[in-house]
Amino acid sequence: MTDPAADAVSRRPNRLLGVLKGIALIRESTVGMIGMGLVGFWVVMAILAPVLAPYDQLAQFASATYAKPLTAAPDGGTFWLGADPLGRDILSRILYGAQRVMIYAPLATLCAYAVGIAMGLAAGYKRGWIDDVLSRISDIILSFPILVLYVVIIFRFGASGVNIVLAVTFASGPGIMRIVRGLVLDLRNRDYVAAAQTRGESAWYIMFVEILPNARGPLIVDACLRLGYTIITIGVLGFLGLGLPPPHADWGGMINEARGMALYAPHMTLFPCIAICSLVLGFNLLADGLREISLKD
Amino acid sequence: MVRNAAALANQPPVLEIDDLNISYFTRAGEIPAVIDFSLLVRKGEAVGLVGESGCGKSTVANAIMRYLGNNGRIVGGTVKFKGRDMAALNREELRQLRGSEIAMVYQEPMAALNPSLTMAEQLTEVPLYHEANCTPAEARDRAMEMLALVRLPDPERVMGAYPHQISGGQQQRVVIAMALLSNPSLLLLDEPTTALDVTVEAGIVELIAELSERFGTSMLYISHNLGLIMETCDRVCVMYSGEAHEEGDIRALFENPRHPYTRGLFGCIATPGMDKNARPLTPIRGQLPLPHERPDGCNFGPRCDFFQEETCGHGLIAMQTVNPATGHRARCMRWKEIDWSAHEVAAETREPLSPGEVVLQADEMQKYYPVYDRSIAAMISGRSVRYVKANEVLSFVARKQQTVAIVGESGCGKSTFAKVLMGLETATDGRLVFNNADVSRLPVQRRSPKQLGSLQMVFQNPNDTLNPSMTIGQQIARVIRKFRVESNPDRVHERVMRLLDLVKLPRDFARRRPRQLSGGQKQRIGIARAFAGNPAMVVADEPVSALDVSVQAAVTGLLMDIQREYGTTLLFISHDLGVVRYLADRVVVMYLGQIMEQGATDEVFSPPYHPYTEALLSAVPIADPHVDKKRIILEGQLPSVLNPPSGCPFHTRCHRKVGRVCEEAAPPVVEAAAGHTILCHIPMHELRAVDPVIKTAAE
């Protein structure tokens with residue numbers, strides 16, 4: 001034993017190792033590996049966009065509007081995936097678009113989780129009137145058609161990244177709260193929670209240290225699924241013109257801009273669609289894989 | 001059960017299991033679950049299969065039904081049912097066999113019944129499915145008849161009921177009725193009474209014995225409880241770590257067990273002759289080997305006192321015949337050599353502790369839970385609030401170094417009392433004086449760290465008692481800091497290590513997580529945590545009931561050792577009267593929130609008794625063939641605490657009811673001896689004249 005005192009009391013090295021081991025477990029699920037591969041691919045693309053993209057996402061070539069894939073660009077390069085109605089390289093725009101998706105989707109999901117977990121813990125652990133009030137609020141929000149809700153929020157507050165995060169938080173927070181509340185209702189009856197209560201721990205400590213870490217399994221799976229939905233949501237908002245403001249590349253927006261020409265130049269809508277599809281699929285498969293390995297053993 | 005063994009021996013076999021080997025195939029590879037297992041069940045015979053968790057007894061039952069799941073497979077040997085090899089049957093033949101020729105009763109009746117169908121629908125399904133020309137009316141008649149046979153009151157009402165509308169005991173009776181409806185040749189009972197209260201269990205056990213007599217059904221009774229097996233079976237097979245280690249005629253085996261493991265098991269069970277000071281339990285050292293870490297040679301070798309490397313340490317140990325007349329066989333190479341009489345006196349005797357000053361005094365403490373009825377009728381009548389009288393005037397005293405047990409069936413209010421004492425609930429009325437301060441209305445948030453530390457709890461479920469996401473060290477350290485015992489990290493660590501030493505666990509367990517520990521080890525950590533703040537009193541809520549028998553003795557022993565060392569008062573909440581008799585100094589018997597009897601353990605466990613104590617005592621199965629026990633089966637249901645019976649709460653089920661007075665007047669508190677009180681209308685001289693429930697035959 002080198003320094004037993006530090007070893008027994010500190011928790012960080014164990015935690016990190018545990019997380020890495022957990023990620024390594026995904027190898028046992030083929031579906032999970034495919035999902036991980038797809039997600040990993042887009043993460044790398046987003047990070048390396050400035051290096052990989054042949055053009056700036058805003059660079060326009062007036063002579064190359066609607067260029068087909070694999071045609072030569074006016075400057076001597078190649079439009080691997082063609083060009084859009086303004087003559088911008090679609091490949092570059094998809095790569096830069098990945099950056100935005102990879103920033104806003106996790107951010108929005110994270111915010112939704114922060115709100116959902118806080119509400120769910122309070123409702124599930126405290127019960128009583130707090131539960132009544134929070135549950136009724138979430139019922140009201142959940143009873144709204146989700147798209148209408150987004151449109152109302154974005155129209156009211158304007159289209160911007162922050163507002164997308166707010167809208168997603170507002171709309172999916174209640175759903176997350178339901179899940180957390182259900183998990184907490186089960187976990188709060190465990191003896192280790194009673195043990196914490198009998199040694200006079202505060203409600204905060206019990207909720208965040210005794211209960212929340214033990215609810216993480218289902219929540220991680222749900223977070224992966226929800227990330228997928230959020231990507232669709234950002235795509236839909238972009239398509240409706242409510243997403244991230246132009247001219248910066250946005251997958252949903254790209255589909256919208258090329259919508260009118262879908263029959264004449266299908267590649268302009270096809271490639272952003274494939275991008276959204278593969279990333280959402282990746283997260284869903286990852287969630288399936290995580291669920292699969294959590295059920296084993 | 002005493003039946004003519006010779007007559008049974010001539011009956012044709014119903015089930016023949018030969019050299020059965022079953023393995024599960026998992027991530028880690030092939031894990032043998034059952035090894036070299038042979039068993040014969042004759043017509044009309046009841047065979048017990050007894051062993052600790054993970055010994056493979058349920059796997060055997062599932063293999064008979066060929067229900068091994070996706071990853072289980074029979075890798076050798078045969079299972080023959082009435083001469084037909086089960087492995088040769090196809091799906092359709094199996095389906096016909098299951099439920100009609102072989103029926104099974106499971107542990108959880110609530111899980112065995114479909115909650116969305118009435119009893120009538122579930123019961124009539126059996127004959128309708130298995131018999132080609134059975135009409136619905138006929139099926140219904142037979143179902144009704146069977147419900148009457150399993151002695152359910154008012155079969156008509158039960159037929160129309162959904163599972164949640166009847167009690168657990170009634171559910172299990174319905175499940176048994178369902179199993180018997182097709183008149184099976186073989187009935188598999190997998191821990192059929194483990195989820196039930198003792199008095200209900202006694203009723204079910206009697207019913208099973210009676211039915212097997214009546215229908216001549218062969219039974220395979222699986223249980224971890226040796227006492228239950230003795231009361232229900234003709235023959236018994238003791239399993240350990242996937243192998244049968246001893247089998248034979250029930251009396252022959254119980255009177256003279258030859259295998260060290262079976263001997264060890266008997267040494268772990270608190271029978272009436274045991275006493276914590278004079279004749280303490282002798283735990284089996286070590287723990288069950290994991291299925292993939294079994295030793296070479298005898299599986300029990302590492303825990304056995306008679307292990308000899310050259311004879312026991314190699315290869316597969318075969319079953320040895322001890323006595324062909326009683327079918328007594330043991331899987332032990334040395335059964336002839338071991339001289340048990342010389343080994344008997346291993347346990348040390350100790351001085352009894354003398355009780356000190358009063359630590360806890362409950363003084364007419366009451367706890368009512370309001371129940372709000374929001375119906376319009378209730379609002380009009382003005383009776384919208386009713387009360388669940390969970391604790392009704394509890395008065396008793398616990399002293400320093402004393403062990404006080406609270407016994408009673410589920411719903412008697414013993415856990416509510418623990419909650420009030422721990423400050424998770426506040427009392428409605430009365431006082432609860434702990435260390436000279438009234439804590440009855442002092443919620444846990446308002447108690448000082450010293451008060452919190454001096455009153456701690458050991459919980460029931462070992463799998464639930466520790467936070468799975470934190471290491472053992474972190475959890476104990478947190479308690480030490482919380483109670484302000486130590487704050488310096490080095491000192492905290494030092495104390496964690498000392499607490500691990502105290503509960504006899506290796507120090508490196510501090511870095512482990514709960515899932516890496518066995519049930520007994522987790523419970524030890526639970527004890528270490530409770531003793532972190534030098535408590536004056538520890539409340540133990542069924543601390544060993546979820547543990548395996550061989551581990552139970554070790555954990556109870558540990559608890560008593562620590563109590564002796566710290567001079568702690570132990571409040572032991574339990575339904576297991578065997579354990580209570582063994583370790584308690586004083587016993588408080590509760591029924592429907594009231595104390596029916598209290599006194600020193602010896603006084604409570606011998607006449608005069610309260611009739612309820614008498615019934616409880618007779619309901620506990622005792623694994624000792626020398627003990628003669630009177631059978632008292634309580635009729636009727638446990639009444640609801642929302643609407644307790646008037647007068648004496650026990651009068652609805654009492655077998656000694658005097659008459660109208662029991663229904664009308666609350667029973668007087670009668671003092672049978674100094675400190676021994678009984679609440680009963682029966683005159684004391686009559687109670688004194690009652691025959692003792694348990695008589696030990698002169699050896």
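No hydrogens, no waters, no symmetry mates; every other heavy atom, side chains included, goes into these values. Chain letters run A, B, ... following the sequence lines, proteins first, then strands; residues in each count from 1.
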Task: Atom group of Arg446(B) that falls short of 4.5 Å from chain A, counting heavy atoms - done: neither
Task: Pairing of Glu210(A) and Arg199(A) as salt bridge, 4.0 angstrom limit - done: yes
Task: Donor on one side chain, acceptor on other, Thr416(B) and Glu425(B), under 3.5 Å - done: no
- [ ] Taking all heavy atoms of Leu500(B) and all of Arg507(B), pick out the closest pair and write down the distance.
- [x] CD1-O, 3.5 Å
Open item on the list: For Gln451(B), which atoms come within 4.5 Å of any heavy atom of chain A: side chain, backbone, both, or neither?
Closed with: neither
Open item on the list: At a 4.5 Å cut-off on heavy atoms, which part of Ala203(A) comes close to chain B: side chain, backbone, both, or neither?
Closed with: neither
Open item on the list: Against the six-membered ring of Tyr205(A), is Arg478(B) placed for a cation-pi contact (under 6.0 Å from the centre, within 45° of the normal)?
Closed with: yes
Task: Residue pairs passing the salt bridge (Lys or Arg N to Asp or Glu O under 4.0 Å) test where at least one lies in residues 129-146 of chain A, sequence neighbours excluded - done: Arg127(A)-Asp131(A), Asp131(A)-Arg181(A), Arg136(A)-Asp139(A), Asp139(A)-Arg178(A)
Open item on the list: Quick check on the interface: out of Asp464(B), Asp541(B), Leu452(B), Leu466(B), who has the most heavy-atom pairs with chain A under 4.5 Å?
Closed with: Asp464(B)
Open item on the list: Can you tell me which of Asn467(B), Thr465(B), Val444(B), Ile472(B) forms the most heavy-atom pairs within a distance under 4.5 Å of chain A?
Closed with: Asn467(B)
